Amino acid sequence: MARQHLQVETVILGAGAAGLMCAAHAGAAGRRVLVVDHARAPGEKIRISGGGRCNFTNLNVKPQCFLSDNAHFAKSALSRYTQHDFIALVERYGIAYHEKTRGQLFCDDSARLIVDMLCAEMARAGAELRLQTRIDGVAKTEGGFSLDLDGQEGAYGVACRNLVVATGGKSIPKMGATGFGYRLAEQFGLAVTETRPGLVPLTFGEDVMADFRPLAGVAADVAVTCGAARFEEAMLFTHRGLSGPAILQISSYWREKMPIAVALLPGADPFEVLRERRRQDGRKAIASVLADLLPKRLALHMADRLGLAGNIGDMSDRKLSALAQALNGWELHPAGSEGYRTAEVTLGGVDTAALNSRTMEAKAVPGLYFIGEVVDVTGWLGGYNFQWAWSSGRAAGTAIAGERSA
């Protein structure tokens with residue numbers, strides 16, 4: 001039997017957030033769009049995100065919430081398809097949602113509603129989805145691109161004018177994440193910036209972990225600083241090191257051998273707080289005073305680590321000042337991170353210098369597009385990376401469909 005050959009306008013590699021969004025727009029002009037993925041179901045990362053509720057965007061999205069070698073690259077796509085545009089789509093489908101903290105928007109019910117919405121939009125545009133499909137080869141042709149695919153229908157070839165790479169990054173490999181998109185970019189001569197795990201727990205050497213292990217499970221609201229970056233959110237002690245939103249955020253800015261500074265009483269002047277407690281509760285043990293200000297286990301740990309004993313009333317201003325500095329200037333030296341296994345995103349990716357910021361098309365390879373996590377654009381924790389997927393996917397999709405709307 002002769003091998004099947006398909007002719008389509010556009011092939012989108014990856015049925016994740018960016019790929020599905022792109023398909024919904026690329027097929028809007030009635031052109032044939034094929035979306036392929038090796039997974040058994042579309043939008044798997046959407047489905048598991050936010051504890052199964054999908055933190056689908058953030059009310060506070062702005063360009064400075066994204067990391068990239070080119071800080072300006074994301075501005076075009078983000079401004080032409082904003083968080084409010086995606087919220088309007090969610091509302092049009094009657095999906096109930098709520099703001100949790102810091103502008104983070106979650107579904108009231110299952111994240112599957114977002115996947116179903118995107119699949120419905122894609123189907124409405126006439127795009128076709130083929131899952132459990134392996135990509136055996138991609139090549140440039142005179143008229144566009146040719147692909148060798150192997151799916152449930154068997155092995156077949158596809159010819160297309162446009163090829164969109166929406167294969168994500170290396171994070172969460174248990175879901176099938178690979179560096180395929182980066183290899184494809186390099187195949188076509190595009191540079192790829194250094195990639196590393198982002199939004200990931202930090203680990204420490206055995207000397208530090210010997211102190212931290214008794215604190216496993218303790219959470220505290222802190223401010224964590226690394227270089228010029230500072231995040232004031234919750235921090236969680238684990239059996240492997242530190243996690244929680246504040247640590248995940250700072251991990252994207254941390255590099256090997258850099259220290260991080262933890263303020264245990266953010267937003268307060270700890271010296272003045274301690275002086276007031278000395279005036280009010282002079283006969284109270286300093287460890288008990290700290291337990292009023294911090295989680296008890298953490299307070300006892302700090303008192304023991306700093307060799308604090310006696311009542312707060314017996315401490316001089318000099319000693320209170322030293323304690324205040326220890327509380328809000330706790331310097332730690334991570335040994336590493338938990339890596340891609342638990343990282344929520346991949347930092348780095350396809351160099352934005354090679355892409356058109358309005359269309360996401362490769363400047364030197366007409367018809368080749370890169371969108372979503374595979375690009376060197378990484379957002380903060382809290383819905384920012386999904387918004388980049390929506391915005392970059394829509395940018396490529398509308399460009400392919402020939403739309404020029406703002």
Side-chain angles (χ1 to χ4, degrees), residues 12-14 16-19 37-39 44-45 48-49 63 65-74 77 135 138 163-203 226-227 229 241 243 247-258 260 334-355 357 360-365 368-381 384-389 391-393 396:
I12 299 172
L13 305 180
D37 200 300
H38 61 77
E44 282 293 88
K45 206 167 182 181
I48 68 166
S49 68
C65 302
F66 295 82
L67 291 79
S68 173
D69 276 0
N70 179 355
H72 302 289
F73 180 82
I135 304 161
V138 180
L163 179 63
V164 182
V165 183
T167 52
K170 301 176 184 178
S171 59
I172 319 183
K174 69 179 181 181
M175 295 186 63
T178 70
F180 176 81
Y182 309 131
R183 295 193 296 272
L184 200 59
E186 290 171 338
Q187 175 184 330
F188 288 105
L190 279 69
V192 176
T193 67
E194 178 192 5
T195 57
R196 56 194 176 90
L199 301 180
V200 63
L202 297 177
T203 58
C226 182
S243 187
I247 295 298
L248 299 184
Q249 296 278 38
I250 212 68
S251 73
S252 294
Y253 295 84
W254 176 81
R255 299 304 298 262
E256 289 71 11
K257 299 184 179 180
M258 290 178 68
I260 63 172
S337 77
E338 291 189 7
Y340 290 115
R341 181 182 65 83
T342 57
E344 297 201 12
V345 293
T346 303
L347 291 154
V350 177
D351 194 338
T352 58
L355 304 178
S357 64
M360 309 303 295
E361 185 177 20
K363 296 174 182 177
V365 188
L368 180 63
Y369 300 77
F370 290 84
I371 58 175
E373 189 181 350
V374 74
V375 179
D376 176 27
V377 175
T378 305
W380 288 358
L381 181 73
Y384 296 91
N385 288 292
F386 273 132
Q387 185 58 46
W388 170 243
S391 297
S392 62

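Quick caveat: nothing in here was measured; it's all calculated off a predicted structure.
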**Fill in**
For S252 and L67, the nearest pair of non-hydrogen atoms, with its separation, is O-CD2, 3.4 Å

**Message:** Quick check: closest heavy atoms across P201 and I247, and the distance to 0.1 Å?
**Reply:** CA-CG2, 4.5 Å

**Request:** Hey, could you give me the CG/OG distance between D351 and S68, rounded to the nearest 0.5 Å?
**Result:** 8.0 Å

**Sub-4.5 Å side-chain heavy-atom contact between L13 and F180** = yes

**Message:** A side-chain contact here means heavy atoms from C-beta on lying under 4.5 Å apart; do V200 and V345 qualify?
**Reply:** no

**Item:** Heavy-atom pair with the smallest gap, counting every atom of G181 and T167
**Value:** CA-OG1, 3.3 Å

**Message:** side-chain hydrogen bond (donor to acceptor under 3.5 Å, both in side chains) for T378 and E373? Distances and angles first, verdict last.
**Reply:** CA-CA 7 Å; T378 305; E373 189 181 350; over 6 Å; no

**Message:** Would you compute the distance between atom CD1 of I371 and atom OG of S391 and round it to the nearest 0.5 angstrom?
**Reply:** 11.0 Å

**Message:** Donor-acceptor check, side chain of W388 to backbone of S392, threshold 3.5 angstrom: yes or no?
**Reply:** no

**Request:** Spell out, as yes or no, whether a donor-acceptor pair under 3.5 Å connects the side chain of E194 to the backbone of L347.
**Result:** no

**Fill in**
The single option from T193, V165, T352 that satisfies side chain to side chain contact (heavy atoms under 4.5 Å, CB included) with V375 is T352

**Asked** Hey, is E256 close enough to R196 for a salt bridge, meaning N to O under 4.0 Å?
**Response** no

**Request:** Walk me through it: do K45 and S171 pass the test side-chain contact (heavy atoms from CB on, under 4.5 Å)?
**Result:** CA-CA 10 Å; K45 206 167 182 181; S171 59; 2.9 Å; yes

**Request:** Take T178 and K170 through the side-chain hydrogen bond (donor to acceptor under 3.5 Å, both in side chains) test and state the conclusion after the steps.
**Result:** CA-CA 5 Å; T178 70; K170 301 176 184 178; over 6 Å; no

**Asked** So do the side chains of S337 and S251 get within less than 4.5 Å of each other, counting heavy atoms only?
**Response** no

**Asked** Are any non-hydrogen side-chain atoms of L190 and V365 less than 4.5 angstrom apart?
**Response** yes

**Request:** Calculate, to the nearest 0.5 Å, the distance between atoms OH and CE belonging to Y369 and M360 respectively.
**Result:** 11.0 Å

**Request:** Output the distance between atom CG (D376) and atom CG (D69), rounded to the nearest 0.5 Å.
**Result:** 5.0 Å

**Asked** Could you state the interatomic distance from OG1 (T346) to CG (L199), rounded to the nearest 0.5 Å?
**Response** 10.0 Å

**Message:** Which heavy atom of C226 sits nearest to which heavy atom of Y253, and what is that distance?
**Reply:** SG-O, 4.1 Å

**Message:** Could you report the tightest heavy-atom contact between E344 and L248, atom names first, then the distance?
**Reply:** OE2-CD1, 3.9 Å

**Approximate separation, where rounding is to 0.5 Å, of F73 CZ and F66 CZ** = 12.5 Å

